[in-house]
Visitor: 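Below is one structure. I have some questions about it.
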Amino acid sequence: QVQLVESGGGWVQAGDSLRLSCTASGDAFDNYVMGWFRQAPGKERELVAAISWNSASTYYSDSVKGRFTISRDSAKNTVYLQMDSLKPEDSGIYYCAADLGITTVEAMCIMIKAWAHLGSWGQGTQVTVSS
């Protein structure tokens with residue numbers, strides 16, 4: 001399984017933007033569908049965005065659709081999450097995740113409730129949005 005390292009989190013005000021990065025190592029990056037999850041205190045971890053290996057297919061949760069954009073750069077083994085018009089409810093720890101057995105965005109979406117079974121996780125990056 002691939003190793004993942006997130007970066008780019010921080011403290012911002014409502015309406016601001018942040019770009020998160022997740023860099024992969026240890027396996028062929030293009031083998032993986034990539035997902036961004038977030039977890040707020042006291043809440044369940046949720047899938048906010050996912051992208052197929054060739055960027056042809058993406059998924060966004062209803063709560064971020066139209067404000068967040070997921071993308072990937074195979075030359076840099078990196079997946080990004082551009083977050084615009086941030087809201088306080090976007091606060092939480094953001095994780096990128098992948099699993100060699102997940103080969104489509106649809107399969108990643110099925111893992112929304114079974115996220116603990118995904119094989120690769122980063123350490124997470126904190127995003128705090130103040131009102």
Visitor: Assess whether side-chain contact (heavy atoms from CB on, under 4.5 Å) is satisfied between Gln123 and Val5, documenting all intermediate values.
Guide: CA-CA 6 Å; Gln123 82 287 355; Val5 178; 4.0 Å; yes
Visitor: Under the rule for side chain to side chain donor-acceptor pair (under 3.5 Å), what residues qualify as partners of Asp73, not counting sequence neighbours?
Guide: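 Partners of Asp73 under the side chain to side chain donor-acceptor pair (under 3.5 Å) test: none.
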Visitor: Find out if a path of hydrophobic residues (ILVMFWY) with successive side-chain heavy-atom gaps under 4.5 Å connects Val64 to Val33.
Guide: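 No, Val64 and Val33 fall in different hydrophobic clusters.
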Visitor: Got a second to check how far Ile51's CD1 is from Ser71's OG, nearest 0.5 Å?
Guide: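 Reported value, rounded in 0.5 Å steps: 6.0 Å.
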Visitor: What are the two closest non-hydrogen atoms of Pro88 and Ala14, and how far apart are they?
Guide: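 Scanning both residues completely, I find the closest heavy atoms to be CD-CB, 4.2 Å.
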Visitor: Heavy atoms, side chains only, cut-off 4.5 Å: are Thr128 and Val12 in contact?
Guide: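 Side chain of Thr128 against side chain of Val12, heavy atoms only: no contact under 4.5 Å found.
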Visitor: Is there a continuous path of hydrophobic side-chain contacts, each under 4.5 Å between heavy atoms, that joins Leu4 to Phe29?
Guide: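 Same cluster: Leu4 reaches Phe29 through Ile, Leu, Val, Met, Phe, Trp or Tyr contacts under 4.5 Å.
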Visitor: Quick one: does Leu47's side chain get under 4.5 Å of Trp36's, heavy atoms only?
Guide: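 Leu47 vs Trp36: side chains apart.
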Visitor: For a 4.5 angstrom cut-off between non-hydrogen side-chain atoms, does Ser52 reach Met34?
Guide: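 No, too far: nothing below the 4.5 Å cut-off.
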Visitor: Under the disulfide bond (SG atoms under 2.5 Å apart) definition, can you give me all pairs with a residue in residues 70-100, not counting sequence neighbours?
Guide: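 Only Cys22-Cys96 qualify under disulfide bond (SG atoms under 2.5 Å apart).
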Visitor: When you look at Val48 and Tyr59, which way does the side-chain contact (heavy atoms from CB on, under 4.5 Å) test go after all the steps?
Guide: CA-CA 8 Å; Val48 296; Tyr59 161 83; over 6 Å; no
Visitor: With disulfide bond (SG atoms under 2.5 Å apart) as the rule and sequence neighbours excluded, what pairs involving residues 37-89 come up?
Guide: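 For residues 37-89, and leaving out neighbouring residues, there are no disulfide bond (SG atoms under 2.5 Å apart) pairs at all.
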Visitor: Under a 4.0 Å threshold between the charged nitrogen and the carboxylate oxygen, would Lys65 count as salt-bridged to Asp62?
Guide: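 Yes, charged N to carboxylate O under 4.0 Å.
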Visitor: Under a plain distance cut-off of 3.5 Å, with no hydrogens placed, do Asp27 and Tyr32 share a side-chain donor-acceptor pair?
Guide: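 Yes - a donor-acceptor pair under 3.5 Å links their side chains.
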Visitor: Please name all residues satisfying side-chain contact (heavy atoms from CB on, under 4.5 Å) with Ile93, sequence neighbours left out, ordered by chain then number.
Guide: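 Scan of Ile93 (side-chain contact (heavy atoms from CB on, under 4.5 Å), adjacent residues dropped) gives Tyr95, Gln126.
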Visitor: Which pair of heavy atoms, one from Ser63 and one from Arg38, lies closest together, and at what distance?
Guide: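 The pair with the smallest heavy-atom distance is OG-NH2, 3.3 Å.
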Visitor: Report the hydrophobic cluster partners of Trp53, with the cluster defined as I, L, V, M, F, W, Y residues connected by side-chain heavy atoms closer than 4.5 angstrom, directly or transitively.
Guide: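 Its cluster partners, ordered by chain and number, are none at all.
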Visitor: Looking at CZ of Arg72 and CG of Leu81, how far apart are the two atoms once the value is rounded to the nearest 0.5 Å?
Guide: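 These two atoms lie 13.5 Å from each other.
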Visitor: Show me, pair by pair, the donor-acceptor contacts under 3.5 angstrom made by side chains of residues 101-120, not counting sequence neighbours?
Guide:
{"residue": "Thr104", "atom": "OG1", "partner": "Ala107", "partner atom": "N", "Å": "3.0"}
{"residue": "Ser120", "atom": "OG", "partner": "Val2", "partner atom": "N", "Å": "3.3"}
{"residue": "Ser120", "atom": "OG", "partner": "Val2", "partner atom": "O", "Å": "2.7"}

Visitor: What side-chain hydrogen bond (donor to acceptor under 3.5 Å, both in side chains) pairs are there with at least one residue in residues 3-19, not counting sequence neighbours?
Guide: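 Residue pairs with at least one partner in residues 3-19: Ser17-Asp84.
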Visitor: Could you give me the CA-CA distance, side-chain angles and deciding distance for Trp121 and Phe37, then say whether ring pair (Phe, Tyr, Trp, His ring centres under 6.0 Å) is met?
Guide: CA-CA 10 Å; Trp121 289 90; Phe37 289 73; 5.0 Å; yes
Visitor: So, using side chain to side chain donor-acceptor pair (under 3.5 Å) as the criterion, who are the partners of Ser85 when residues are at least two apart?
Guide: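 Partners of Ser85 under the side chain to side chain donor-acceptor pair (under 3.5 Å) test: none.
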Visitor: Who passes side chain to side chain donor-acceptor pair (under 3.5 Å) against Asn77, sequence neighbours left out?
Guide: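 Counting only residues at least two positions away or on another chain, Asn77 forms no side chain to side chain donor-acceptor pair (under 3.5 Å).
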Visitor: My understanding is that only residues two or more places apart in sequence, or in another chain, count here; which of them pass ring-ring contact (aromatic ring centres under 6.0 Å, His included) with Tyr94?
Guide: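 Partners of Tyr94 under the ring-ring contact (aromatic ring centres under 6.0 Å, His included) test: none.
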Visitor: Any chance you could pull the hydrophobic cluster mates of Tyr80, using side-chain heavy atoms under 4.5 angstrom and chaining through other members?
Guide: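 Besides Tyr80, the hydrophobic cluster comprises nothing; the residue is isolated.
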Visitor: Report the residues that fulfil side chain to side chain donor-acceptor pair (under 3.5 Å) with Ser91, sequence neighbours left out, ordered by chain and then residue number.
Guide: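 Testing Ser91 for side chain to side chain donor-acceptor pair (under 3.5 Å), a comparison that skips the adjacent residues, returns none.
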Visitor: Would you check if there is a donor-acceptor pair between the side chains of Thr78 and Thr23 at a distance under 3.5 Å?
Guide: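 On atom types as modelled, these side chains qualify, holding a pair under 3.5 Å.
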Visitor: Within the structure provided, determine whether Leu20 and Met83 are in side-chain contact (heavy-atom separation under 4.5 Å).
Guide: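 A side-chain contact exists here, since the closest heavy-atom pair is under 4.5 Å.
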Visitor: Just how far is it from atom CD of Gln82 to atom CG of Leu18, taken to the nearest 0.5 Å?
Guide: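 Reported to 0.5 Å precision, the distance equals 8.5 Å.
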